[in-house]
Amino acid sequence: MPRTFVAPISFGLGDLVVSLPVIQALIATDHDTGDEVWLVARAPSQRGLAPRITGLAGCIDEASLPASARPADRIVDLRDHPLQRDHWWGSPAFEAAFGTVDINDLLDRIGTDLGIRADFSAPVPLEHRRRAGLAHTVMLVPETDGANKAWVPARWAELAEWLTADGHQVRQICRTEPTPAMRATGVEGVVAATPGEAVDVLSSCRAVVGVDTGLTHIAVQQGTPTVTIARRSTVYIRPWPHSAAARGEPCTTACEQAEADYAYNAVVALDGFDPGPRTCPSELACLAPVTPERVLSLLRSLL
């Protein structure tokens with residue numbers, strides 16, 4: 001049986017989530033022909049999310065792909081495209097060349113060039129099981145592997161007070177327990193130890209406020225009203241009616257240079273690749289204008 005192996009745009013959990021319309025389009029097409037679609041996981045978190053993708057035949061690690069593929073198989077690598085290889089998305093040079101575009105626009109262009117007609121009009125949710133007791137809860141997503149995308153704990157604490165005054169329960173999702181800084185906010189944690197458990201939590205709550213990270217992208221995918229706290233230049237906000245972004249101010253020159261030095265868009269095969277930690281030389285100055293009042297206003301507009 002022929003197989004299609006599809007690799008997402010990068011190795012983050014969010015990179016897999018935003019790639020889902022293309023993956024789901026391949027699953028629908030190959031289902032009609034009797035072929036199988038396999039996910040090429042570029043990180044353990046992506047492998048952990050694979051069982052929640054309806055119709056996926058299986059999952060292999062990127063390192064296993066060369067030995068696993070047969071002559072009749074098709075390999076679809078969403079990184080292996082000029083729009084990805086030649087540009088660091090969201091950089092000043094990228095914006096000068098393409099203007100303001102979002103991740104749906106980018107993946108639509110990449111998919112079209114690869115002969116894949118994906119539907120970006122609305123998200124198709126991942127498989128999930130309802131988590132009891134969260135129907136009236138606004139879930140916060142404060143943790144991220146990218147320190148350059150964080151929001152300071154004092155802002156989260158103030159937002160939690162506003163949300164409580166609006167009549168919401170407020171919790172924060174975490175892998176094991178809240179960080180010491182976030183524990184000091186007094187916001188109770190909800191443990192989701194695996195990507196699948198995170199899908200269940202983020203599908204069950206009333207709304208989500210989170211930084212620009214994989215769990216926040218999952219909430220958007222699940223149709224949960226979501227406000228993303230993001231840098232001004234990010235392309236990862238998907239423009240659906242239940243999704244809004246509280247964007248910061250333009251980055252400083254030092255930040256732009258640091259990001260240019262960090263960029264790895266030309267690297268296609270990510271097996272064994274480690275770009276190292278990403279830091280902000282300007283102490284997140286770009287997110288300082290994103291206030292709890294502004295975030296709350298956006299959230300109210302979605303509910």
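FYI, the numbering just counts along the sequence from 1. All values derive from a computational prediction rather than experimental measurement.
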What's the separation between atom [atom1] in [X] and atom [atom2] in [Y], rounded to the nearest 0.5 Å?
X	Y	atom1	atom2	value
I173	L202	CD1	CG	4.0 Å
L56	I27	CG	CD1	5.0 Å
T213	L13	OG1	CG	7.5 Å
F11	R79	CZ	CZ	7.5 Å
T144	I229	OG1	CD1	11.5 Å
R231	I237	CZ	CD1	11.0 Å

Just grab all the salt bridge (charged side-chain N to carboxylate O under 4.0 Å, His left out) pairs involving [range], residues at least two apart or on different chains.
range	value
residues 83-93	D80-R85
residues 285-303	D166-R300
residues 175-194	D145-R175, R171-E188, E177-R183
residues 210-227	none

#### Entry: Any side-chain heavy-atom pair of W89 and Q84 under 4.5 Å
yes
### Task
Side-chain contact test, heavy atoms from C-beta onward, threshold under 4.5 Å: evaluate it for S91 versus E256 and give yes or no.
no
### Task
Just say parallel, tilted or perpendicular for the rings of Y236 and H217, cut-offs at 30° and 60°.
tilted
Answer with yes or no whether the hydrophobic clustering places [X] together with [Y]; edges join I, L, V, M, F, W, Y residues whose side-chain heavy atoms lie under 4.5 Å apart.
X	Y	result
W88	I110	no
L114	L26	yes
W151	W162	yes
L270	L16	no
V22	I60	no

Acceptor/donor pairs from residues 240-252 side chains to any protein atom, 3.5 angstrom cut, sequence neighbours excluded:
unit_1: W240; atom_1: NE1; unit_2: F120; atom_2: O; d: 2.8
unit_1: W240; atom_1: NE1; unit_2: S121; atom_2: O; d: 3.4
unit_1: H242; atom_1: NE2; unit_2: V220; atom_2: O; d: 2.7
unit_1: S243; atom_1: OG; unit_2: R238; atom_2: O; d: 3.1
unit_1: R247; atom_1: NH1; unit_2: R232; atom_2: O; d: 2.8
unit_1: R247; atom_1: NH1; unit_2: T234; atom_2: O; d: 3.0
unit_1: T252; atom_1: OG1; unit_2: C255; atom_2: N; d: 3.1
unit_1: T252; atom_1: OG1; unit_2: S282; atom_2: OG; d: 2.5

### Query
Are L20 and I53 close enough, and set up right, to give a side-chain contact (heavy atoms from CB on, under 4.5 Å), and what steps lead you there?
CA-CA 8 Å; L20 282 173; I53 303 175; 3.8 Å; yes
Specify the closest pair of heavy atoms between [X] and [Y], including all atoms of both residues, with the distance to one decimal.
X	Y	value
D15	S10	OD2-CB, 3.2 Å
L299	A207	CD1-CB, 3.8 Å
G276	Y262	O-CE1, 3.6 Å
P225	R206	CD-O, 3.5 Å
A69	F5	CA-CE1, 4.1 Å
V211	T216	O-OG1, 2.7 Å

### Query
Given H168 and L303, is the side-chain contact (heavy atoms from CB on, under 4.5 Å) satisfied, shown in steps?
CA-CA 12 Å; H168 301 291; L303 297 178; 3.9 Å; yes
How would you list, by chain and number, every residue that makes a side chain to side chain donor-acceptor pair (under 3.5 Å) with [X], sequence neighbours excluded?
X	result
D73	R3
H128	Q222
T253	none

### Message
Run the side-chain contact (heavy atoms from CB on, under 4.5 Å) test on L126 and L49 for me, step by step, so that the C-alpha distance in whole Å, both residues' side-chain angles and the decisive distance to 0.1 Å come before the verdict.
### Response
CA-CA 9 Å; L126 295 157; L49 198 65; 4.1 Å; yes
Quiz: residues 129-142 side-chain donor-acceptor pairs under 3.5 angstrom, not counting sequence neighbours:
unit_1: R130; atom_1: NH1; unit_2: S203; atom_2: O; d: 2.5
unit_1: T137; atom_1: OG1; unit_2: Q169; atom_2: OE1; d: 3.0

Please list, one pair per line, the donor and acceptor atoms closer than 3.5 Å that link side chains of residues 99-109 to other protein atoms, with sequence neighbours excluded.
unit_1: D102; atom_1: OD1; unit_2: N104; atom_2: N; d: 2.9
unit_1: D102; atom_1: OD1; unit_2: D105; atom_2: N; d: 3.0
unit_1: D105; atom_1: OD2; unit_2: D102; atom_2: N; d: 3.1

### Query
Could you go step by step and tell me if E143 and T179 meet the side-chain contact (heavy atoms from CB on, under 4.5 Å) rule?
CA-CA 8 Å; E143 296 183 30; T179 64; 4.0 Å; yes
#### Entry: Partners meeting side chain to side chain contact (heavy atoms under 4.5 Å, CB included) with T54 (sequence neighbours left out)
E127
### E158 side chain vs A154 backbone, donor-acceptor pair below 3.5 Å
no
### Query
When you check the side-chain N and O atoms of H87 and N265, is any donor under 3.5 Å from an acceptor?
no
For residues 37-44, please give each side-chain donor-acceptor pair under 3.5 Å, one per line with the distance, not counting sequence neighbours.
unit_1: W38; atom_1: NE1; unit_2: E36; atom_2: OE1; d: 3.0
unit_1: R42; atom_1: NE; unit_2: E62; atom_2: OE1; d: 3.3
unit_1: R42; atom_1: NE; unit_2: E62; atom_2: OE2; d: 3.4
unit_1: R42; atom_1: NH1; unit_2: P8; atom_2: O; d: 2.5
unit_1: R42; atom_1: NH1; unit_2: D77; atom_2: OD1; d: 3.1
unit_1: R42; atom_1: NH2; unit_2: E62; atom_2: OE2; d: 3.2
unit_1: R42; atom_1: NH2; unit_2: D77; atom_2: OD1; d: 3.2
unit_1: R42; atom_1: NH2; unit_2: D77; atom_2: OD2; d: 3.1
unit_1: R42; atom_1: NH2; unit_2: V268; atom_2: O; d: 3.1

